Amino acid sequence: MSSSNNGPFDGGDFSRSSIYWSVFGQMIWGSFAAATLLIGTGALLYGIYLVGLLLPPESKEADDPTPDSFSQLVAPEDARIV
């Protein structure tokens, strides 16, 4: 915060309205930050969707090249407890 701000959190006025407006301003700033994050995440997901639209249909309908790669995890021989 700048030193010219004399709100209750800057060592200035502690009146009820000053505290109210200071907290209100922080809530507005937080909602702006949350909205920016939400819109950015949505834009990223929409961008991935648009890239997916550019792919040929064969790539979307192809079989998984490694169908069993996620079905089981096997520890290496030296890591097994006997």
Side-chain angles (χ1 to χ4, degrees):
M1 295 186 154
S2 67
S3 61
S4 64
N5 193 359
N6 290 327
F9 302 110
D10 299 323
D13 187 16
F14 283 93
S15 67
R16 185 178 182 97
S17 65
S18 177
I19 292 173
Y20 173 82
W21 286 110
S22 181
V23 171
F24 183 72
Q26 290 176 359
M27 288 191 305
I28 293 297
W29 174 248
S31 64
F32 174 73
T36 302
L37 184 65
L38 185 65
I39 290 170
T41 303
L44 177 66
L45 291 175
Y46 189 66
I48 292 171
Y49 169 73
L50 291 177
V51 169
L53 289 177
L54 298 174
L55 295 173
E58 296 83 27
S59 69
K60 298 176 191 175
E61 299 168 359
D63 290 333
D64 186 5
T66 57
D68 294 329
S69 63
F70 60 88
S71 62
Q72 61 180 349
L73 296 175
V74 178
E77 288 295 325
D78 59 344
R80 291 186 182 173
I81 299 174
V82 181

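Everything quoted here is computed from the prediction, not taken from an experiment.
- Using modelled atom types, no side-chain atom of Ser22 and backbone atom of Ser18 make a donor-acceptor pair closer than 3.5 Å.
- No single ILVMFWY cluster, assembled from side-chain heavy atoms under 4.5 Å apart, contains both Trp29 and Val23.
- Tyr49 is not listed as a side-chain neighbour of Leu45, based on a closest heavy-atom distance of 4.5 Å or more.
- Pro56 and Ser59 get closest at one heavy-atom pair: O-OG, 2.8 Å.
- Relative ring orientation between Phe24 and Tyr20 is described as parallel, the plane-to-plane angle staying below 30° on a 0-90° scale split at 30° and 60°.
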